[in-house]
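Here's the structure we're looking at; comments come further down.
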Amino acid sequence: MNAKKRNRCFVRRFMALALILSLLASVSACKPKKTAEQEQELFDAFTNELFASDITENIINLHWTLAFPENYGIEDYEISFGDLSEEYEEETFEELRNVLKELNDFDYELLSKEQKLTFDILKTYAEDNLKTEGFRLYYDYLSPTNGVQSYLPTLLAEYKFYKEQDVKDYLDSLRLFPDYFANVMAFEQEQADAGFFMPDFEADKVIDQCQQFMEDPEHHYLIDSFNLRLEETDFLEEADKESYREENRQLIQDTVIPAYGYLVEELSKLKGSATNDAGLYYFENGREFYRLLVRDSTGSDKSVEELEDTILDNMQRALETIWTMDLDGDVFDRMLECPVDLSDPYEVLELLKEGIAQDFPVPGDLPFEVNYVPASMEEYMNPAYYILPPIDYLENNVIYINNSLSSDDIEQFVTLAHEGFPGHLFQTTYFYGRQPSRIRKLFGFSGYSEGWGTYAEIYAYQLSGIDDDLLLLNALNKTYTLSLYCLADIGINYEGWTLEDTQDFLGIDEDTSREIYEILVEEPALYLAYYGGYLEFMELREKAEETLGEKFNLKDFHTFLLDVGPAQFEIIEEQMEAWMEEQA
C-alpha cells in the first residue's frame, strides 16, 4: 500500500452502551462483551473498507489491483492519478492516526491468528509512516529510474482490457496527463523554492528520458500497444475498435506527448536551483529522513549503524572465503559462462520453474508473458522487472526485459530467476493463491520482495549447471558487489561522502564512480532493499538451521516464508518463533 496514497475514509464502529449507571455513583458505563466471531467480522469489515478506500485513490491502483472491481462492490470511482498537494498530505496523516485509533479499539486476543498478523503489520506500517510527517519535500517523484514519467507509460502499455469500461477508463487516463504533470511541476517548484530541487545531473536525465518518449509520435509504442490489446478483445465490434484506435492516437499525439514536452520545458527552467547535488546528509534533517527511508526500504528494524556493521561483516566473510578457495587459474575468466541456452526466455523460465520443485512448494500452473522495454525507455529502466497481476486475475503475469541491458551470460539467467522462479512471479502468485485478506495484498514491502528476489538469484546459480567453484564464486561476487553499493549508499546519504570519497572507497575509475554516485544520490536506499532484505532472510535461515538442527528442512522453511508473505522482518521473526516450536 503506497504511503503517498493513503486511505481517505474508514469504517466507524459504534458500540451501544449496555448499561448506564448513575454518574453520582461514579460507576462507568461499560460495553457489552463481544464474541470472537463478532470481533473477527468487525475486523474483516474494517480492513476491507481500508482496501476499497486505498485502491480507489487513483485509477492505476484500482486497475492494477482489480480486474473486475464491480465484483467487490466498487462501481463508482474517480479517474485520477492522485494528488501531491500539501493539503492532501495533511489529510493522509490525519487518516493514518484514525487508522491507529480504530485498530486500538479491537480486542486483539479475540482475533484469529491470520487477523493478528494483519493487525501487527498494519499497526507497524501506520506507525512507521506517521514518522515521515514533515518530510514531504524530501520525496522525489521524477527520479530517472522510478519517477512517474517513467512508470506511468510502462503501466499504460500493459493496461489490460477485460471489458469495454476498461478501454474508456484508459482513454480517460490519458486525458489526465496535462493536469497531473502540472500538479507534479507545482510540487517541483515548491521543492525548488525550499531548496530541495533535484541536482542538474538528475534533471538532465529526466529531460532526456522525456525527449526520448516524445520521439516518433506517428509510431509511438503507446499507439502500437493499444492497437494490439484492442485487437485481442472479443467484446467490441470492429467499428468500435476503429473509433477507439483513432481516439487513442489523437490523445497520445495531442495530449500525452505535449504533456511530456511541458515537463521538459518546466524542468529546464528549474535547472540550477538545486542547493545540494550530494546525498541526503547535506539537507537539514537529511540523516533522519534517510533513517526512515532505510526502514521503509529494508523492512528491517536494525538501525543504519547496525545494518552497516552487518553488511561489513558479510563483506569481510565473503572476501575471506574467496581467499581460502583453491581456484583454477582460469576460473575468473569462466565466471560469467552459462551452460543454459538463454535465447528463449520462456524456456529459461520453465527450466527454473521445474528446478525449484525440490526446495520450494509447487508453483501454480499460471500463464505468464515476456515483453520487452520500449527502445525509447531502455536507457533508464532496470534490466528486467515483473508487473504484479490483479488479485482477481492472476493469469495476467508479465515480465519485462530490457534488451539494452540483457546479456548471454549467467547474470541473465539469475535475473530471470529474480523476476520469475523462485522470485517475484512465484512469490506473488503463491501468496495471492493462499487467499489472504484483501488488505495484505496491498502491502509490497520492498525489503521482503526485493530481498526475496536477491535470495532467488543466489539460489538460482545452482540450477544453471555450473560447477561448485563457479557457483560459490558467483554468489560471493554478487553479495560482495551489493555490499559495496549499500555501503556507498550509506556513506553518501548518511555520512556525507563526496564523489572523491566514493571513488576512493570503490577503487574504480572516475567515470564509473560518478555513475554510481549519481544513482545513489537520485535513489537513496535503493540497493538496501535488495541486499538488506536478503541479509534478513539469511539471518532468519541461519537462526532456523541453528535452532532446529537435523529437523530443519529447506522446503518447509521456504514454505513458511511464502505463507507469511510480505511483512516487516521483526514480525516475520516473531512468526518464525512459533513456527519453529511447531517443527520441534
Exercise for review: Step by step, work out the side chain to side chain contact (heavy atoms under 4.5 Å, CB included) result for F93 and L130.
Suggested key: CA-CA 6 Å; F93 283 113; L130 279 171; 3.9 Å; yes
Practice item. Could you go through the side chain to side chain contact (heavy atoms under 4.5 Å, CB included) check for F135 and N285 one step at a time? Key: CA-CA 9 Å; F135 289 102; N285 299 318; 4.0 Å; yes
Point to revise | Residues E158, K160; criterion salt bridge (charged side-chain N to carboxylate O under 4.0 Å, His left out); working and verdict | key: CA-CA 6 Å; E158 281 296 327; K160 297 296 184 183; 3.6 Å; yes
Check your understanding: Can you check side chain to side chain contact (heavy atoms under 4.5 Å, CB included) on E102 and F46, steps first, answer last?
Key -> CA-CA 8 Å; E102 294 285 340; F46 170 69; 3.4 Å; yes
Practice item. Evaluate the side chain to side chain contact (heavy atoms under 4.5 Å, CB included) criterion for residues L562 and Q427: first the C-alpha distance (whole Å), next the side-chain angles of each, then the deciding distance (0.1 Å), finally the verdict. Key: CA-CA 6 Å; L562 291 163; Q427 178 268 315; 3.7 Å; yes
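Judged by distance alone, the side chain of E419 and the main-chain N or O of Y386 form a donor-acceptor pair under 3.5 Å. With hydrogens and angles ignored, the 3.5 Å screen pairs no side-chain donor or acceptor of S150 with any backbone N or O of N146. Remark: the backbone N or O of L100 is paired with a side-chain donor or acceptor of N104 at under 3.5 angstrom. Within the 3.5 Å criterion, the main-chain N or O of K163 finds a donor-acceptor partner in the side chain of D166.
Heavy atoms of other residues, nucleotides or ligands lying less than 6.0 angstrom from CG of D76 number 12 at most. The environment of CD in E37 is sparse: at most 12 heavy-atom neighbours from other residues, nucleotides or ligands sit within 6.0 Å. More than 12 heavy-atom neighbours from other residues, nucleotides or ligands sit within 6.0 angstrom of CD on E70.
The aromatic rings of Y455 and Y534 sit tilted relative to each other, their planes meeting at an angle between 30° and 60°. Ring orientation note: the planes of F226 and F161 are nearly perpendicular, at an angle over 60° on the 30°/60° scale. By the 30° and 60° cut-offs, the orientation of the rings of Y162 relative to H63 is tilted.
The distance between the ring centers of Y138 and F289 falls below 6.0 angstrom. Ring centroid separation for the pair Y108 and F119 comes in under the 6.0 Å cut-off. Ring pair F187/Y141: centre-to-centre distance below 6.0 Å.
Side-chain contact check for Y77 and D169: at least one donor-acceptor pair (N or O, by modelled atom type) lies under 3.5 Å. Using modelled atom types and a 3.5 Å distance limit, the side chains of T124 and Q568 yield no donor-acceptor pair. Looking at N129 and T132, their side chains never bring a donor and an acceptor atom within 3.5 Å of each other. For E57 and Y88, the side-chain atoms include at least one donor-acceptor pair closer than 3.5 Å. Between the side chains of D44 and Q40, no donor-acceptor pair of N or O atoms lies under 3.5 Å. When only modelled atom types and interatomic distance are considered, E305 and Y494 share a side-chain donor-acceptor pair under 3.5 Å.
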Ignoring hydrogens and angles, write down the donor-acceptor pairs under 3.5 Å from the side chains of residues 524-532, residues two or more places apart or on other chains.
| residue | atom | partner | partner atom | Å |
| --- | --- | --- | --- | --- |
| Y531 | OH | S483 | OG | 3.3 |

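Between P390 and A67, the closest heavy-atom pair is CB-N, 3.6 Å. F81 and I59 make their closest contact through CE2-CG2, 3.9 Å (heavy atoms, listed as atom of the first residue, atom of the second, distance). The two residues F177 and S173 come nearest to each other via the heavy atoms CD1-O, 3.8 Å. The minimum heavy-atom distance linking M198 with D140 is given by the pair CE-OD1, 4.3 Å. Closest approach of T428 to P389, counting heavy atoms only: CG2-CD, 4.2 Å. Minimum heavy-atom separation, F201 to D277: CE2-O, 3.7 Å.
Here M214 pairs with I257, Y260, V264 under the side-chain contact (heavy atoms from CB on, under 4.5 Å) rule; sequence neighbours left out. Under the rule for a salt bridge (charged side-chain N to carboxylate O under 4.0 Å, His left out), the partners of E539 that lie at least two apart in sequence or sit in another chain are K302. Here E308 pairs with L312, L487, I490, E495 under the side-chain contact (heavy atoms from CB on, under 4.5 Å) rule; sequence neighbours left out. Looking at residues two or more places apart in sequence or on another chain, you find no salt bridge (charged side-chain N to carboxylate O under 4.0 Å, His left out) involving E41. Evaluation of the salt bridge (charged side-chain N to carboxylate O under 4.0 Å, His left out) rule for K271 yields D204 as partners, not counting sequence neighbours. Listed by chain and residue number, K205 satisfy the side chain to side chain donor-acceptor pair (under 3.5 Å) test with E518 (two or more places apart in sequence, or in another chain). Residues meeting the salt bridge (charged side-chain N to carboxylate O under 4.0 Å, His left out) test with E86, sequence neighbours left out: none. Scanning for side-chain contact (heavy atoms from CB on, under 4.5 Å) contacts around A278 gives N276, Y282, Y517, with sequence neighbours left out. With sequence neighbours excluded, the residues forming a side-chain contact (heavy atoms from CB on, under 4.5 Å) with Q253 are P217, E218, I223, R249, listed by chain and number.
Rounded to the nearest 0.5 Å, atoms CD1 (I252) and CD (Q250) are 11.5 Å apart. Atoms CG and CD1, from L50 and I55 in turn, are 12.0 Å apart once rounded to the nearest 0.5 Å.
Salt bridge status for D128 with R295: present, with a side-chain N to carboxylate O gap under 4.0 Å. Remark: K123 engages E127 in a salt bridge, criterion side-chain N to carboxylate O under 4.0 Å.
Within the 4.5 Å cutoff, no side-chain heavy atoms of E536 are placed close to those of I572. Looking at T65 and Y72, their side chains never come closer than 4.5 Å, going by heavy atoms from C-beta outward. Side-chain contact between F181 and E266: absent, with no pair of heavy atoms (C-beta onward) separated by less than 4.5 Å. Side-chain atoms of S297 and E450, non-hydrogen and from C-beta on, never get closer than 4.5 Å to each other. Looking only at side-chain heavy atoms (C-beta outward), N382 and N402 stay at 4.5 Å or farther from each other. Side chains of M576 and L561 form no contact here, defined as non-hydrogen atoms less than 4.5 Å apart. Counting heavy atoms from C-beta outward, W64 and I387 have side chains that approach closer than 4.5 Å. Side-chain contact between F43 and L103 is present, with at least one heavy-atom pair separated by less than 4.5 Å.
Relative to the ring axis of Y281, R287 does not place its NZ or CZ within 45° and under 6.0 Å from the centre.
The list of side chain to side chain donor-acceptor pair (under 3.5 Å) pairs with a residue in residues 180-203, not counting sequence neighbours, reads R136-E190, Q189-D193. Residue pairs meeting the side chain to side chain donor-acceptor pair (under 3.5 Å) criterion with at least one partner in residues 431-444, sequence neighbours excluded, are R434-D563.
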